[in-house]
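No experiment lies behind these values; they were computed from the predicted model shown.
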Amino acid sequence: MTVLDWHSERSDLSGLQLLDQAPESAGIDLKAVRQYRLGRVRGEMAKRDIDAMIISDPVNIRYTCGARNMQVFCSRNTPSRYLLVTPAKTILFEFTGCAHLGEDFETIDEVRASSTASFVAAGQDIHNREKAWAKEMGELITSLTGKRARLGLERMNAGTAIAMAELGFDIVDAQEPIEMARAIKSDEELKCVIASLRMTERAVGKMREAIRPGITENELWSVLYQSVIAGNGDYCETRLLSSGARTNPWFQECATKVIGDNELIALDTDVVGCHGYYSDFSRTFHAGPGKPTEAQRTLYKLAYEQVQHNIDIIRPGMTFKEYSDKAWNIPQQYHANRYYLSAHGVGMTGEYPYLYHHADYVDAGYDGEILPGMTLCVESYIGAEGQGEGVKLEDQLLVTDTGIEVLSRFPFEDELLR
């Protein structure tokens, strides 16, 4: 058996082979994963009579064809690369000088250079650039699908979409078919989810070992990030780690604050990890050296109760409204600072569906059905408005044909549950 050295260049392996043969890929048929995802997108297109889609969100490009390139950069500089999908052909328009990154994928029929129709790239000539871009893409789409095609677009600048409509295309939003495609995971795809979770759990374990009074929030969070990158994860989507009074209200990202004696430390991982799959679980820790206070334990036990109750009620076939009606009711004193969702879908990032608290369903909720193959995150944040600390907890799970399976395994804190 050949032992590969992942820290040295290998001239005998292509970029795709390096990805497919990395240690966290063991036992996963990534070709089958890519083909399943492309099939899901095409299936959702067919349901809506969409003849072609131009996908520009880098996460959705990766989902549809597997190709990855400068995810964060391309999220900010959209559209710098894009994927044309029709029922019979996929063409990746890759960033300048990056055509080689699309080679060898069985899900990509052709790679071409992208032509960025953005103000940054075109300056005052943006209007003409958008027209030229639309004309070129329009001619290509027409040659593949016929005239007056129904075209799905996402995250394109307005002038580009207007120019495509002026050429006679029936423009529709691509968000719905892509989100619905991503919502149901295959068995092979779930192996990618689990590989990402296990890597992230190891990283959180190292971070937990580094907790001590006197370390800053930034220093502590950097332990997590370093471990994610060393574990072949992609990036952390947020910096949601805070301590002490900064745990309440939630959504205060890590800073230079020094962690004090016996403070709570709350973390939401939000890791885009192995194979681009999201590892999304939350834990709250105690800094020591003393024991948690009764107030700290009360917050923790309430958050734990909320997560466990809401996990226990989930079943396949349940409607979103039924879930909302049965979900744990947050005590009034913690309601104002509640987490904005009760649960949400998860895959390569947070995704469809959003499941809302009972009190928020009338204003924000929408109905649908919890289906086998969905992966969900069940959330809790407990912290009284204007008072003390707060606790963030969350678990990631799979909806099966008969119930649920909790996928995240990082332990809860016994000393806070007593």
Side-chain angles (χ1 to χ4, degrees), residues 24-25 27-30 32-34 36-41 43-44 57 59-60 62-64 66 175-201 204 228 233-234 236-238 268-283 307-308 310-320 322-324 327 339 341-356 366 368-380 393-410:
E24 71 276 3
S25 303
I28 305 176
D29 185 346
L30 289 172
V33 171
R34 292 189 290 266
Y36 169 81
R37 296 185 313 210
L38 177 57
R40 288 282 303 171
V41 170
E44 295 297 328
D57 184 311
V59 173
N60 288 335
R62 187 173 188 182
Y63 176 85
T64 305
Q175 287 186 83
E176 181 180 350
I178 293 177
E179 286 290 338
M180 295 306 292
R182 288 173 54 177
I184 306 298
K185 280 70 178 176
S186 70
D187 290 343
E188 209 65 25
E189 191 178 4
L190 284 167
K191 295 178 183 178
C192 297
V193 174
I194 292 169
S196 187
L197 275 167
R198 298 294 92 84
M199 178 277 297
T200 303
E201 288 161 355
V204 174
V228 166
D234 279 10
C236 297
E237 200 171 51
T238 64
D268 192 341
T269 56
D270 290 338
V271 169
V272 180
C274 302
H275 311 293
Y277 280 88
Y278 214 43
S279 297
D280 190 13
F281 60 92
S282 300
R283 293 293 185 266
V307 169
Q308 298 307 312
N310 290 343
I311 287 175
D312 288 344
I313 65 172
I314 293 173
R315 56 176 175 78
M318 175 181 255
T319 67
F320 300 167
E322 184 182 0
Y323 170 87
S324 180
Y339 197 75
L341 294 171
S342 178
H344 63 84
V346 63
M348 282 190 155
T349 55
E351 60 187 31
Y352 171 89
Y354 275 9
L355 303 179
Y356 289 89
Y366 55 88
E369 185 178 355
I370 296 173
L371 298 171
M374 284 184 170
T375 43
L376 303 174
C377 290
V378 176
E379 302 264 10
S380 177
L393 297 178
E394 174 189 16
D395 259 343
Q396 189 168 330
L397 59 88
L398 166 69
V399 182
T400 69
D401 291 328
T402 58
I404 63 98
E405 176 187 348
V406 178
L407 300 178
S408 48
R409 294 181 179 175
F410 197 91

Engineer: With the side chain counted from C-beta on, respond yes when Thr400 and Pro372 share a heavy-atom pair under 4.5 Å apart, and no when they do not.
Structural biologist: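 No, side chains not in contact.
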
Engineer: May I ask you to say whether Glu322 pairs ionically with Arg315, meaning some side-chain N is under 4.0 Å from a carboxylate O?
Structural biologist: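 The answer is yes: the pair qualifies as a salt bridge.
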
Engineer: Does any donor atom in the side chain of Ser186 or Arg40 lie under 3.5 Å from an acceptor atom in the other side chain?
Structural biologist: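 Not at all, the side chains of Ser186 and Arg40 share no donor-acceptor pair under 3.5 Å.
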
Engineer: Which distance, rounded to the nearest 0.5 Å, do you find between the OG1 of Thr375 and the CD1 of Ile404?
Structural biologist: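 If we round to the nearest 0.5 Å, Thr375:OG1 and Ile404:CD1 are 12.5 Å apart.
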
Engineer: Partners of Glu179 by side-chain hydrogen bond (donor to acceptor under 3.5 Å, both in side chains), sequence neighbours excluded?
Structural biologist: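 Scan of Glu179 (side-chain hydrogen bond (donor to acceptor under 3.5 Å, both in side chains), adjacent residues dropped) gives none.
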
Engineer: Could you tell me whether the side chain of Ser380 and the main chain of Val307 form a donor-acceptor pair under 3.5 Å?
Structural biologist: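 No; zero donor-acceptor contacts below 3.5 Å.
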
Engineer: Is it true that atom CD of Glu237 has more than 12 heavy atoms of other residues, nucleotides or ligands lying nearer than 6.0 Å?
Structural biologist: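 Yes, enclosed.
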
Engineer: Side chains of Phe281 and Thr200, heavy atoms from C-beta outward: is any pair under 4.5 Å?
Structural biologist: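 With C-beta onward as the side chain, the pair touches.
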
Engineer: With rounding to the nearest 0.5 angstrom, report the CZ to CG distance, Arg34 to Leu38.
Structural biologist: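 The CZ atom of Arg34 sits 11.0 Å away from the CG atom of Leu38.
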
Engineer: Verify whether one side chain among His344 and Glu379 offers a donor that lies under 3.5 Å from an acceptor in the other.
Structural biologist: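 There is such a pair between these side chains.
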
Engineer: Measure the CD1-CG distance between Ile184 and Leu371 for me, rounded to the nearest 0.5 Å.
Structural biologist: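 Taking CD1 in Ile184 and CG in Leu371, the distance rounds to 5.0 Å.
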
Engineer: Is the shortest side-chain heavy-atom distance between Glu189 and Tyr63 below 4.5 Å?
Structural biologist: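 The answer is yes, as the side chains (C-beta and beyond) meet within the 4.5 Å cut-off.
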
Engineer: For the residue pair His275 and Val33, establish whether any side-chain heavy-atom pair is separated by less than 4.5 Å.
Structural biologist: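 Counting from C-beta outward, His275 and Val33 never come under 4.5 Å.
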
Engineer: Please check if atom CG in Asp187 has more than 12 non-hydrogen atoms from other residues, nucleotides or ligands closer than 6.0 Å.
Structural biologist: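 Atom CG in Asp187 is not crowded, with 12 or fewer foreign heavy atoms closer than 6.0 Å.
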
Engineer: Quick one: are Leu355 and Ile370 in side-chain contact, heavy atoms under 4.5 Å?
Structural biologist: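 They are in side-chain contact.
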
Engineer: Where is the tightest heavy-atom contact between Ser196 and Gly273, given as atom of each residue plus distance?
Structural biologist: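 Here Ser196 and Gly273 meet closest at OG-CA, 3.2 Å.
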
Engineer: With a 4.0 Å cut-off, would you call Glu351 and Lys185 a salt bridge?
Structural biologist: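 Result for this pair is yes, salt bridge flagged.
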
Engineer: When you measure from the side chain of Glu188 to the backbone of Asp29, do you find a donor-acceptor pair of N or O atoms at a distance under 3.5 Å?
Structural biologist: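 Between the backbone of Asp29 and the side chain of Glu188 there is a qualifying donor-acceptor contact (under 3.5 Å).
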
Engineer: Can you find a heavy atom in the side chain of Leu376 that is under 4.5 Å from one in the side chain of Pro353?
Structural biologist: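 Contact flag for Leu376/Pro353 side chains = yes.
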
Engineer: So, the side chain of Glu394 versus the backbone of Cys377: is there a donor-acceptor pair under 3.5 Å, distance only?
Structural biologist: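 Pair absent, no side-chain N/O of Glu394 close to backbone of Cys377.
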
Engineer: Taking all non-hydrogen atoms of both residues into account, name the closest pair between Ser408 and Leu197 and its distance.
Structural biologist: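 The answer is N-CD1, 4.1 Å.
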
Engineer: What residues form a side-chain hydrogen bond (donor to acceptor under 3.5 Å, both in side chains) with Tyr356, not counting sequence neighbours?
Structural biologist: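 With neighbours one apart ignored, the set is empty.
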
Engineer: Heavy-atom distance under 4.5 Å between the side chains of Arg62 and Asp234, does that happen here?
Structural biologist: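 Yes; the side chains approach each other to less than 4.5 Å.
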
Engineer: Does the pair Val346 and Val193 meet the rule for a side-chain contact (heavy atoms from CB on, under 4.5 Å), with working shown?
Structural biologist: CA-CA 10 Å; Val346 63; Val193 174; over 6 Å; no

Engineer: Determine whether Ile194 and Arg198 make a side-chain contact, defined as any pair of heavy atoms from C-beta on separated by less than 4.5 Å.
Structural biologist: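 Yes, close enough: below the 4.5 Å cut-off.
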
Engineer: Has Gln396 got a side-chain atom pairing as donor or acceptor with Asp280's backbone, closer than 3.5 angstrom?
Structural biologist: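 The answer is yes, because a donor-acceptor pair under 3.5 Å joins these two groups.
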
Engineer: Who are the side-chain hydrogen bond (donor to acceptor under 3.5 Å, both in side chains) partners of Asp270, not counting sequence neighbours?
Structural biologist: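 Applying side-chain hydrogen bond (donor to acceptor under 3.5 Å, both in side chains) to Asp270 gives Thr238, Tyr278.
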
Engineer: Nearest 0.5 Å, please: how far is SG in Cys274 from CD1 in Ile28?
Structural biologist: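 With rounding to 0.5 Å, CD1 (Ile28) is 8.5 Å from SG (Cys274).
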
Engineer: Please work out which of the three classes, parallel, tilted or perpendicular, describes the rings of Phe320 and Tyr366, given edges at 30° and 60°.
Structural biologist: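 Perpendicular, since the angle between the ring planes exceeds 60°.
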
Engineer: Check this for me, if you would: do Asp395 and Arg283 make a salt bridge, where the nitrogen-to-carboxylate-oxygen distance has to be below 4.0 angstrom?
Structural biologist: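 Yes, charged N to carboxylate O under 4.0 Å.
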
